[in-house]
Each structure stands twice: as structure tokens, then as C-alpha cells.
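Just so we're on the same page: letters track the sequence lines, and every chain starts at 1.
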There are 2 protein chains.
Amino acid sequence: MSYDPSQFPAFAVTVDVVIMTMSEGTLKVLLVRRGEAPFEGMWAIPGGFKRPTETLDEAAKRELAEETGVDVPSLLTQFGAYGDPERDPRMNVVTIAYIAVLRDVGALVAGTDAADAGLVPVSDVLKGRIELAFDHLRIVRDALERVRVELELTGIATAFVGATFTLAELRTVYEAVWGVQLDAANFRRSVVAEDGWVIPTGRRARPGPAGGRPAELYRAGRAWSHGGPIHRFQREERK
Amino acid sequence: MSYDPSQFPAFAVTVDVVIMTMSEGTLKVLLVRRGEAPFEGMWAIPGGFKRPTETLDEAAKRELAEETGVDVPSLLTQFGAYGDPERDPRMNVVTIAYIAVLRDVGALVAGTDAADAGLVPVSDVLKGRIELAFDHLRIVRDALERVRVELELTGIATAFVGATFTLAELRTVYEAVWGVQLDAANFRRSVVAEDGWVIPTGRRARPGPAGGRPAELYRAGRAWSHGGPIHRFQREERK
DNA sequence: GCTTGTTCTGGTCCTGTCGACCAAAACTCT
DNA sequence: AGAGTTTTGGTCGACAGGACCAGAACAAGC
């Protein structure tokens with residue numbers, strides 16, 4: 001606790017944002033291609049320096065806006081800090097990592113220069129099929145684990161889908177994030193039973209190319225802070 | 001993503017450790033009294049500067065050892081980063097916050113200068129009966145919430161008790177952290193049913209001053225990563 | 001128009017879990 | 001010995017969750 005304000009080790013502080021989305025039924029993460037050394041040309045999580053005048057949350061929000069143009073993120077959660085001495089070969093950098101969960105940002109990404117930004121399946125990153133700069137692999141791993149927990153504890157699931165959605169869409173979120181298969185009927189019962197979480201709009205969705213009965217459209221109700229309708233514990237152990 | 005290594009805003013990076021323990025049946029937090037400005041004489045969470053050569057986890061471990069002498073913490077978890085521009089009036093300080101859960105450290109604290117370290121009930125801090133320096137109140141609040149979640153998801157409960165313990169001791173941990181009342185018989189069934197989590201030693205504990213049947217002594221088995229024996233969801237809603 | 005295929009919706013059944021409650025066991029203290 | 005206390009073990013009922021089935025509502029093909 002010896003505390004000398006004039007003499008302290010200086011660090012660079014950055015904010016990295018793991019932007020996750022559902023696309024084509026699988027969980028994807030937004031990556032950018034680095035234009036400079038070190039790790040030039042390699043994929044990385046978007047991020048940048050924190051400014052002295054802003055809070056960490058504000059910095060994350062700014063980085064997200066700069067990268068995707070999304071201004072009001074439905075979910076932006078801090079989940080970890082990384083400060084290993086050798087994580088950046090140039091200097092001492094401590095980074096604060098955030099998760100942003102967005103509705104499909106495929107259009108946004110396509111709008112930017114397609115060469116330096118892309119949506120990549122999370123599984124490809126975890127399996128090492130895509131190598132990331134710095135310790136970003138570890139950050140993505142931790143982010144996924146956090147999303148898995150958050151999915152059970154909070155209303156984060158609706159952040160993956162649009163303003164209105166079918167229960168089948170919502171179900172694919174759980175299935176993709178947890179890597180499980182859920183019974184459509186049972187899922188429906190659990191979600192609808194949780195009072196006030198999803199609100200029927202009365203309208204119906206257009207069936208997909210394969211036909212099928214049109215699904216009811218719902219919109220997100222209040223998000224709870226504890227205890228979602230779907231739990232994953234037994235599922236994992238038995239699988 | 002413009003990234004100029006030679007020109008970046010410099011920050012001080014500190015590591016703060018919220019040390020929690022069970023004492024006299026209630027949840028307590030270890031606080032130190034500040035000896036210097038700002039906030040001189042006020043209670044604060046122990047912490048200090050991160051060194052450029054160590055990782056964040058190592059820094060937290062070092063701070064914990066310096067403060068309590070405990071070298072092998074049963075639990076030391078990073079749970080948040082705080083970097084509001086005005087959180088330290090002197091300069092830009094980003095702090096990484098850790099939780100350390102320890103078996104009763106009352107003896108350790110008594111060993112140090114009693115004037116500048118003390119175990120304080122967490123509830124007193126949350127209710128504002130004890131004012132903390134910086135944004136440490138918020139940090140303690142977040143720490144408690146994290147412990148509550150962790151208690152359900154991991155084997156953290158055994159970190160609060162000693163090497164061997166009775167199920168009644170373990171039950172008071174859940175009751176104190178969650179603020180609930182649990183049925184002793186049901187608690188026992190749940191915990192013992194979880195295979196391999198607590199291991200009976202065959203020995204028995206001495207009954208307390210009020211007498212009563214002597215309880216079996218257990219020791220901690222493996223800690224699981226997901227899905228503890230006790231859940232709190234319905235409990236909270238009904239209470 | 002009818003059939004087939006697909007998807008969503010609603011229902012039943014069954015098992016396991018969890019809380020409430022009760023009773024016996026094993027100790028201390030008077 | 002008896003009262004009080006705490007642990008341990010058991011029963012019972014409510015309820016949630018998963019497996020499974022059937023009907024409803026659409027598209028596409030013949």
C-alpha cells in the first residue's frame with residue numbers, strides 16, 4: 001500500500017470488444033484484419049485505446065460504434081481484464097474486454113471494406129482453424145463462456161434476434177450457444193410460461209422456403225436479472 | 001484501430017482485492033484504513049500497483065499475501081475493472097478487482113496492527129454504515145453479486161470453511177451469502193447427493209456449547225465447474 | 001384439388017427434483 | 001433421568017422438465 005502518485009509504472013489501457021451475432025444458424029464473431037505490426041495481416045478483435053476522459057463503458061461503446069455503426073447496443077458487458085506482461089510485444093498493455101451481442105450484423109460488415117472485417121464462426125476460432133493476434137484466442141474463449149452463463153441468467157437471448165422474432169429463432173440461439181438440441185414444444189412451454197418475458201404481437205411470420213405452419217411473432221418483454229426460463233445444467237451432464 | 005505505440009495515454013493500473021470471509025455467522029470483508037490522502041483515515045479495499053513484470057493474477061496473489069500472509073488462496077477470481085476518469089482525484093487509475101474467499105482470517109487480522117485493518121460485515125458496508133474511499137462501495141457491491149453467482153455455479157462454498165467442516169457450517173455459508181434460510185435436512189440431501197463433492201472423513205465434530213448430536217466431518221472433494229448442488233432461483237422469487 | 005412434406009402448436013405422461021414436515025439419534029446441561 | 005439442542009434420515013406432495021405424440025397451418029408438386 002505504499003502509494004506514490006508521482007512514481008508509478010505506466011501502462012497503456014485498451015478496450016477490446018468481442019462482437020457476437022447469430023448468422024445462418026451458427027454463432028459468429030466479428031474480426032478485423034490487422035493492418036500494422038505486430039501480427040500484421042492476422043485476425044483480431046476490434047478495440048482501441050481508452051481515452052483519459054471517458055469511462056471504460058463509454059470506451060467500449062465508442063469502439064463498437066466505430067466498428068459497426070451500432071449506437072445503442074442491446075447488450076454490452078464487461079467480462080474480463082488481460083494484462084500479461086508479454087501479451088503485447090511492444091509495451092505493457094492492459095486490456096478490458098467487453099462482449100457485445102447484436103442482431104445479425106452481416107449487412108453492416110458487408111458495407112465496410114470486406115477485406116478487413118468479417119464474421120467468423122466461433123467454433124472455427126476455438127478449434128484453431130483461424131489464428132488470432134495477441135491473446136485474443138483466450139479472450140474469445142472467455143467471452144463464449146461468459147455468454148453461456150449470461151444466457152442462462154439474463155435476458156441476453158433476445159439480444160441475438162431482431163425486434164420481433166419467432167420462438168424457433170430464439171431456440172436456435174440457445175442451441176448454437178450451448179451446443180445442444182432442444183425440443184421445440186418443451187422450449188415453447190418454458191419460454192411462454194415465464195410471465196412477461198416474451199410478448200405475442202398477434203402477427204405471424206412468413207414460413208421459410210420449406211413451408212411449414214407460420215410461427216407467431218413475439219417481441220422481447222422485460223429482461224430478468226435472475227433465473228431465466230431455460231437451464232442447461234442437467235443437459236450438459238447427461239450429454 | 002489507429003495504433004501508435006509511441007503515443008498513447010498513460011494510466012496507472014492497480015489491483016484491488018475484496019477479501020471475504022465468514023465470521024460469527026455473517027459475511028465479512030477485510031478493509032484497511034488509509035494512511036494518506038486522498039480519503040485519509042477512511043476505510044478501503046486493500047490493493048496496490050501492478051508491476052510491469054507480473055500478470056494481473058500474480059499481482060492479486062501478491063497483494064493478498066502482503067495483506068494477510070495467505071499464500072495459497074483457495075479462491076482468487078477476477079470480477080471487474082473500474083476506470084472512471086474521476087475515480088481517483090490524483091490521476092487516471094484503472095483498477096482490476098479480485099475476490100478472495102478465505103477461511104476465517106480473524107486471527108490474521110488481529111495479528112496486524114488492529115488500528116489499520118479490520119473485518120467488517122458486508123451488510124454494514126452496503127447499507128452505508130461504513131463509508132469507503134474511492135468507488136470501493138461499488139466494487140464491494142459487485143463483488144458480493146459475483147460471489148452469489150459463483151456460489152451457485154462453482155465449488156466456492158468450501159473456500160469459506162476450513163479443511164474439514166460440518167454440513168451445518170457449509171449451510172451457514174449459503175444462508176449468509178444469499179440471505180436465505182435453508183432446511184438442514186434438505187440441504188444435507190442435496191449436498192451429499194452431488195457425487196464426490198464432499199467426502200466424509202468418518203470423524204465427528206465436537207458439538208457446540210448448546211449440545212446437540214455431533215455432526216459428521218467432511219472435507220472438500222473436487223469442485224465442479226458447472227452446476228452446484230444448491231440453486232437459489234425459486235428461493236428468491238418466493239421470498 | 002389433393003397429397004406430401006415441413007414447421008409450429010398443444011397435449012399427455014412420466015420421472016426426478018425440491019421444499020415442507022416429521023421423527024429418531026446422539027449429544028450437553030441441569 | 002429428563003429437558004433442550006442439533007444432526008440425520010425419511011415421507012409426502014407439488015412442480016418442473018424431458019420424451020413423445022397428434023393436430024394445425026402453411027408450401028410445393030402432381
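- Within 6.0 Å of atom CZ in B/R219, 12 or fewer heavy atoms from other residues, nucleotides or ligands are found, so the atom counts as exposed in its surroundings.
- Residue contacts shown for B/R171 are limited to sugar-phosphate atoms, with no base heavy atom under 4.0 Å away.
- Under the 4.5 Å side-chain criterion, counting only non-hydrogen atoms from C-beta, B/D16 is in contact with B/H136.
- Rounded to whole Å, atom C1' of C/dA26 lies 16 Å from atom CG of B/L167.
- Geometrically, A/R33 engages A/W43 in a cation-pi contact defined by less than 6.0 Å to the ring centre and at most 45° from the axis.
- With contacts defined as side-chain heavy-atom distances shorter than 4.5 Å, the pair B/T95/B/I139 qualifies.
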Tabulated below should be each protein N or O lying under 3.5 Å from an N or O of nucleotides 10-12 of chain C; please produce it.
residue	atom	partner	partner atom	Å
C/dG10	OP2	A/R188	NE	2.8
C/dG10	OP2	A/R188	NH2	2.8

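- Residue contacts shown for A/A193 are absent, as no nucleic acid heavy atom lies under 4.0 Å away.
- Using a 4.5 Å cut-off on side-chain heavy atoms (C-beta onward), A/L56 and A/V15 make contact.
- Side-chain atoms of A/Y82 and A/D142 form a donor-acceptor pair, as typed in the model, at a separation below 3.5 Å.
- With rounding to whole Å, B/Q181 atom CD is found 12 Å from D/dT6 atom P.
- The NZ atom of A/K61 lies 12.5 Å from the CD atom of A/E66; values are rounded to the nearest 0.5 Å.
- Rounded to the nearest 0.5 angstrom, B/R171 CZ and B/T166 OG1 are separated by 8.5 Å.
- Counting heavy atoms from C-beta on, the side chains of A/Y218 and A/T158 never come closer than 4.5 Å.
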Dump every N/O contact between nucleotides 28-30 of chain C and the protein below 3.5 Å, one line per pair.
none

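- A/E169 places its CD atom 10 Å from the P atom of C/dC8, with the value rounded to the nearest Å.
- One atom, CZ of A/R204, and another, P of D/dC26, lie 6 Å apart when rounded to the nearest Å.
- D/dA28 atom P lies 9 Å from atom CZ of A/R206, rounded to whole Å.
- Distance, B/F187 CZ to D/dT8 P: 11 Å, rounded to whole Å.
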